[in-house]
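These figures come from a predicted structure and were not determined experimentally.
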Amino acid sequence: MTVRTRFAPSPTGFLHIGGARTALFSWAYAKKHKGQFVLRIEDTDVARSTPEAVQAIMDGMAWLGLDHDEGPFYQMQRMKNYQQHLEALLASGDAYYCYSSKAELDALREQQVKDGVKPKYDGKWRPEAGKVLPETPADIKPVIRFNNPKDGTVAWDDLVKGRIEISNNELDDVIIARGDGTPTYNFCVVVDDWEMGITQVIRGDDHVNNTPRQINMLNALGATVPQYAHLSMILGSDGQKLSKRHGAVSVMQYHEDGYLPEAVLNYLGRLGWSHGDDEVFDIQQFCEWFDLDHITPSAAQFNTEKLNWLNAHYIKNADLNDLSVDITKRLVGLGVTVQAEPPINNVLELYRERANNLNQLAADIAYFYSVPEANANEVEKHITAEIKPVMAVMAETLKSTSWTAEAIHEVIAAAVKENALKFPKVAMPLRVMLAGIAQSPSIDQVMVVLGKETVLNRMASYLK
RNA sequence: GUCCCCAUCGUCUAGAGGCCUAGGACACCUGGUUUUCAUCCAGGCAACAGGGGUUCGACUCCCCUUGGGGACACCA
């Protein structure tokens, strides 16, 4: 049987890091087994679903390169399918109408919480042998509940957590259609996973409790029960649950924050999954290696340092042209326009080694295209009255120096020797004059890339 | 409260009863390379939550405790 997995977000917000990992694992599993990956939008909560959120999710997946083979399917467009199965369930007695009002249910729940018992539907409208149902209220639009088996247990072998067994008396009769007739999540998933031929349901940990009900419904429907793999959640760096006000940011935020999708993918792939001691692997390698057997069942904390480290790796190894396109955009964001000279690729070759973030990289090289504003302390510290004459002589010599790193290095070396100075004594003021700060790659190389004219101009502005 | 899940260095993890004197990676510390910073290289610090079993032998299996997380909606 060909593997079919799915990612089924509800469009009520952006694609966050946890959702992205679920999508990645689902996607990779399909790729690994040469199967299909289905994208399904669970939008039956009309009040909270928005087209913007759909777009945000698609954007996030596109950025990560998680393409789907089928879909996106929208549940709101599949009402006929749900309706049909709803009727079948009603006809077979596996579902029934419940006329309990919301207020009634709320009161019941409140009482149960107060009594310290598990909140659960009391089964008032559940048809049972020999039971006389209450009079049907005329003013209530009934919901439809699934008639969950009363006895026995439901069990499945979770591909991540192992065997899980839940007794049916823990499960209440879940509402599968609202008063207005629209089916609810628990029913739509069941129908969709079945009709879409999903073979492995890979989803978040938070669905473990829904699984037994869904299996019961699948059985009532006479459907095939897929395999389930429940991924544990990703915690914030402080060990706390990721929430909207606490670190649950959109994956697109990582783009904005200067991360390469390759780095995020590699990081997410290694979070909760492992392949021996391997740490750095690209997406192709990940797809080849990926399996459900090596997923950690416990929750994992997000660690930005490690992401940064991977980001540095991927920046170093990025295609230079791709990198320059990205950095050029970020430079625009900083108000800096990249010019033909110096060629940005040369600049990047000089600087990419030392960056672990694209925004930082852009900021670091901005001085190649705009005159940097030097920190006053740095100027005072390095461009001293004693060194200025040395710089002036050097500037003069530089005018006729052939513009290679070697030649420039010799000029600096000569200045160092003639004035009996240490190398940094000369290199530092040069850095401040040219880059605005005292840290840079080899100063001779910086000068080569910067170009003779710019170097002379910037030096001159300090030596007036 | 009830049910379910989880538990190895600070963090991500390897580990499927003897290979474990518990391995790798990030972070951190030290040293080296370097023209500063960074990179890079070498080394170091650092963990099996606790208690019972099972076994000739438990990080690995079972139970309890503790701790953490999740679920309990006419949300998904």
Side-chain angles (χ1 to χ4, degrees), chain A residues 8-12 42-45 47-49 75 98 100-102 105-106 109 112-120 141-145 158 160-162 164-167 169-172 174-186 188-189 203-212 230 232-233 235 237 239-241 267 270-280 293-294 296-310 312 316 351-356 364 382 409 412-413 416 422-428 430-431 437-445:
Chain A
S10 68
T12 54
E42 310 213 319
D43 54 356
T44 54
D45 184 356
R48 295 197 304 153
S49 298
Q75 290 186 322
C98 165
S100 294
S101 69
K102 255 183 224 180
L105 260 15
D106 287 344
R109 191 177 311 118
Q112 288 168 327
V113 170
K114 226 174 88 187
D115 295 346
V117 299
K118 184 172 184 164
K120 212 175 143 188
K141 287 198 167 249
V143 299
I144 300 175
R145 287 184 185 270
D158 197 275
V160 171
K161 295 179 184 292
I164 298 178
E165 198 168 330
I166 311 243
S167 85
N169 62 31
E170 286 297 328
L171 274 22
D172 60 356
V174 67
I175 292 173
I176 56 179
R178 302 177 175 90
D180 65 7
T182 58
T184 60
Y185 162 78
N186 269 300
C188 297
V189 196
R203 63 185 4 171
D205 219 348
D206 46 338
H207 288 292
V208 169
N209 296 271
N210 290 322
T211 307
H230 287 99
S232 52
M233 46 184 329
L235 273 20
S237 40
Q240 295 302 297
K241 188 191 176 180
Y267 179 73
R270 188 62 181 66
L271 191 63
W273 175 84
S274 62
H275 184 268
D277 288 341
D278 295 303
E279 295 285 348
V280 180
D293 302 336
H294 292 84
T296 319
S298 54
Q301 259 179 249
F302 193 87
N303 182 242
T304 308
E305 262 82 44
K306 195 151 182 178
L307 208 212
N308 288 343
W309 173 72
L310 280 166
K316 274 177 215 164
Y351 267 85
R352 66 183 336 191
E353 287 280 318
R354 45 209 302 124
N356 66 8
D364 284 352
H382 296 290
H409 180 79
I412 299 174
V416 166
K422 297 271 192 209
F423 198 102
K425 263 284 186 226
V426 179
M428 291 307 215
L430 274 173
R431 288 194 169 96
I437 57 170
Q439 291 80 38
S440 82
S442 290
I443 191 61
D444 45 12
Q445 290 187 43

Taking the side chain of [X] as heavy atoms from C-beta outward, which of [options] is closest to it?
| X | options | answer |
| --- | --- | --- |
| A/Ala300 | B/U13, B/U35, B/U11 | B/U13 |
| A/Glu170 | B/U39, B/U2, B/U13 | B/U2 |
| A/Ala427 | B/U35, B/A7, B/G24 | B/U35 |
| A/Met428 | B/U36, B/U35, B/C4 | B/U36 |
| A/Gln301 | B/C6, B/U13, B/U11 | B/U11 |
| A/Asp444 | B/U36, B/C12, B/U35 | B/U35 |
| A/Ile164 | B/C5, B/G70, B/U39 | B/C5 |

Pick base, sugar-phosphate or nothing for [X], based on heavy-atom distances below 4.0 Å to the nucleic acid.
| X | value |
| --- | --- |
| A/Leu271 | sugar-phosphate |
| A/Ser167 | nothing |
| A/Gly204 | nothing |
| A/His230 | nothing |
| A/Glu279 | base |
| A/Lys114 | nothing |

Integer angstrom distance from the [atom1] of [N] to that of [M]:
| N | M | atom1 | result |
| --- | --- | --- | --- |
| B/A47 | B/U35 | P | 39 Å |
| B/G32 | B/G50 | C1' | 44 Å |
| B/C20 | B/G67 | C1' | 26 Å |
| B/C12 | B/G69 | P | 14 Å |
| B/C61 | B/G24 | C1' | 26 Å |
| B/C75 | B/U39 | C1' | 49 Å |
| B/G53 | B/G15 | P | 29 Å |

Residues in side chain to side chain contact (heavy atoms under 4.5 Å, CB included) with [X], at least two apart?
| X | answer |
| --- | --- |
| A/Ile175 | A/Val143, A/Arg145, A/Thr184 |
| A/Asn186 | A/Val174, A/Asn210, A/Gln214, A/Met217 |
| A/Thr211 | A/Trp156, A/Arg203, A/Ile215, A/Tyr228, A/His230 |
| A/Asn303 | A/Tyr267, A/Glu305, A/Lys306 |

- Set of ring-ring contact (aromatic ring centres under 6.0 Å, His included) partners for A/His294, sequence neighbours left out: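 With neighbours one apart ignored, the set is empty.
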Base versus backbone protein contacts along [range] [heavy-atom cut-off under 4.0 Å; B, S, -]:
| range | result |
| --- | --- |
| nucleotides 45-51 of chain B | ------- |
| nucleotides 26-34 of chain B | SS------- |
| nucleotides 61-68 of chain B | -------- |

Quick one: salt bridge (charged side-chain N to carboxylate O under 4.0 Å, His left out) partners of [X], sequence neighbours excluded?
| X | value |
| --- | --- |
| A/Asp205 | A/Lys161 |
| A/Asp444 | none |
| A/Lys118 | A/Glu170 |

Just the atom pairs and distances: protein N or O near nucleotides 73-76 of chain B's N or O, under 3.5 Å.
residue	atom	partner	partner atom	Å
B/A73	OP2	A/Arg109	NE	2.8
B/C74	O2	A/Gly179	N	2.8
B/C75	OP1	A/Arg178	NE	3.4
B/C75	OP2	A/Arg178	NE	2.2
B/C75	OP2	A/Arg178	NH2	2.6
B/C75	O3'	A/Arg178	NH2	3.1
B/C75	O2'	A/Asp45	OD2	2.5
B/C75	O2'	A/Arg48	NH2	2.8
B/C75	O2	A/Arg48	NH2	3.1
B/A76	OP1	A/Thr44	OG1	2.7
B/A76	OP1	A/Asp45	N	3.2
B/A76	OP1	A/Arg178	NH2	2.4
B/A76	OP2	A/Arg178	NH2	3.3
B/A76	OP2	A/Tyr185	N	3.0
B/A76	O3'	A/Glu42	O	3.3
B/A76	O3'	A/Glu42	OE1	3.3
B/A76	O2'	A/Ser10	OG	3.2
B/A76	N6	A/Asn210	OD1	3.4
B/A76	N6	A/Asn210	ND2	3.3
B/A76	N1	A/Asn210	ND2	3.3

- At under 4.0 Å, does any side-chain N or O of A/Lys118 touch on OP1 or OP2 of B/A71?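 The answer is no; no side-chain N or O of A/Lys118 sits under 4.0 Å from OP1 or OP2.
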- Message: Does any part of the side chain of A/Leu171, heavy atoms only, come nearer than 4.5 Å to the side chain of A/Ile166, both counted from C-beta?
- Response: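 The answer is yes, as the side chains (C-beta and beyond) meet within the 4.5 Å cut-off.
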- Pairwise 5' ranking along RNA chain B for A/Gln439 and A/Lys161, keeping only the more 5' one: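 The 5'-side residue here is A/Lys161.
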- Query: Got a donor-acceptor pair under 3.5 Å from the side chain of A/Arg270 to the base of B/U13?
  - Reply: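 Answer no: no donor N or O sits under 3.5 Å from an acceptor.
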- Item | Partner of A/Ile443 by side chain to side chain contact (heavy atoms under 4.5 Å, CB included), out of A/Met428, A/Arg431, A/His409 |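 Only one of A/Met428, A/Arg431, A/His409 forms a side chain to side chain contact (heavy atoms under 4.5 Å, CB included) with A/Ile443, namely A/Arg431.
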